[in-house]
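We number each residue from 1, following the sequence as shown.
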Amino acid sequence: QVQLVESGGGLVQAGGSLRLSCAASGRMFGAYIMGWLRQPPGKEREFVGVISWSGGIYYADFVKGRFIMSRDNFKNTVYLQMNSLKPEDTAVYYCAATYGGAAEREWGPKEFAYWGQGTHVTVSS
């Protein structure tokens, strides 16, 4: 069982940066693949990126070059550094996890077993 708690969301102007954190509790954190997904207002939840236990990363095309994922297996924490934010990045950002897996493709929401409560990110123009 894994519990996830996101933090770091807020209001930022376009072009600004935010860093989201996801703290995980539970055993064997390092064995889980961790993902970030987001749900823009009125839209479906969408994939942002995943990071494997070994640090392999796969990003959605729309965040490549702007967002950076990282994880600290000693602190049981995964991060999402978001740079050059755009108004269309406004969404609730969710941290998610599931056991095993590789960061070689996009992952759909149904593929994750555990979810955080989400953190709001609003980018003003």
_Residue pairs passing the side-chain hydrogen bond (donor to acceptor under 3.5 Å, both in side chains) test where at least one lies in residues 78-92, sequence neighbours excluded_ = S17-N83, R38-D89, R66-D89, Q81-N83
*Using the six-membered ring wherever Trp is involved, compare the ring planes of F47 and Y58 and label them parallel, tilted or perpendicular (cut-offs 30° and 60°).*
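It falls in the tilted class, 30° to 60°.
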_Below 30° counts as parallel, above 60° as perpendicular, anything between as tilted: where do the rings of Y32 and Y99 land?_
perpendicular
For the student: nearest non-hydrogen atoms of [X] and [Y], plus distance:
X: A24; Y: L4; value: CB-CD2, 3.6 Å
X: A14; Y: P87; value: CB-CD, 4.1 Å
X: G49; Y: M69; value: C-SD, 3.3 Å

Are any non-hydrogen side-chain atoms of [X] and [Y] less than 4.5 angstrom apart?
X: I57; Y: V50; value: no
X: L80; Y: V78; value: no
X: L20; Y: T119; value: yes

Measure the [atom1]-[atom2] distance between [X] and [Y] for me, rounded to the nearest 0.5 Å.
X: I33; Y: R71; atom1: CD1; atom2: CZ; answer: 8.0 Å
X: Y93; Y: S7; atom1: OH; atom2: OG; answer: 15.0 Å
X: E106; Y: L37; atom1: CD; atom2: CG; answer: 9.5 Å
X: T122; Y: Q13; atom1: OG1; atom2: CD; answer: 13.0 Å

_Can you list everything that forms a side chain to side chain donor-acceptor pair (under 3.5 Å) with S54? Sequence neighbours excluded, please._
S52
_disulfide (SG to SG under 2.5 Å) contacts touching residues 45-125 (sequence neighbours left out)_ = C22-C95
*Ring-ring centroid check W107 F112, cutoff 6.0 Å*: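 Under 6.0 Å, so yes.
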*Under the salt bridge (charged side-chain N to carboxylate O under 4.0 Å, His left out) rule, collect the residues that match up with E111, sequence neighbours excluded.*
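Per chain and number, E111 pairs via salt bridge (charged side-chain N to carboxylate O under 4.0 Å, His left out) with R105.
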*asked:* Distance to the ring centre below 6.0 angstrom and angle to the axis at most 45 degrees; does that hold for R45 and W115?
replied: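 Yes, R45 sits over the ring of W115.
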Could you work out, with side-chain contact (heavy atoms from CB on, under 4.5 Å) as the rule, every residue matching [X], not counting sequence neighbours?
X: Q117; result: V5, E6
X: V12; result: L18, L85, V123
X: K64; result: Y59, D61

*Heavy-atom donor-acceptor pair, N73 side chain to W53 backbone, under 3.5 Å*: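 Yes; judged by distance alone, with no hydrogens or angles, the pair exists.
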*Polar side-chain atom of R19 near backbone of G8 as donor-acceptor pair, under 3.5 Å*: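 Side chain of R19 to backbone of G8: no pair is present.
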*Please identify each residue that fulfils ring-ring contact (aromatic ring centres under 6.0 Å, His included) with F62, with sequence neighbours left out.*
none
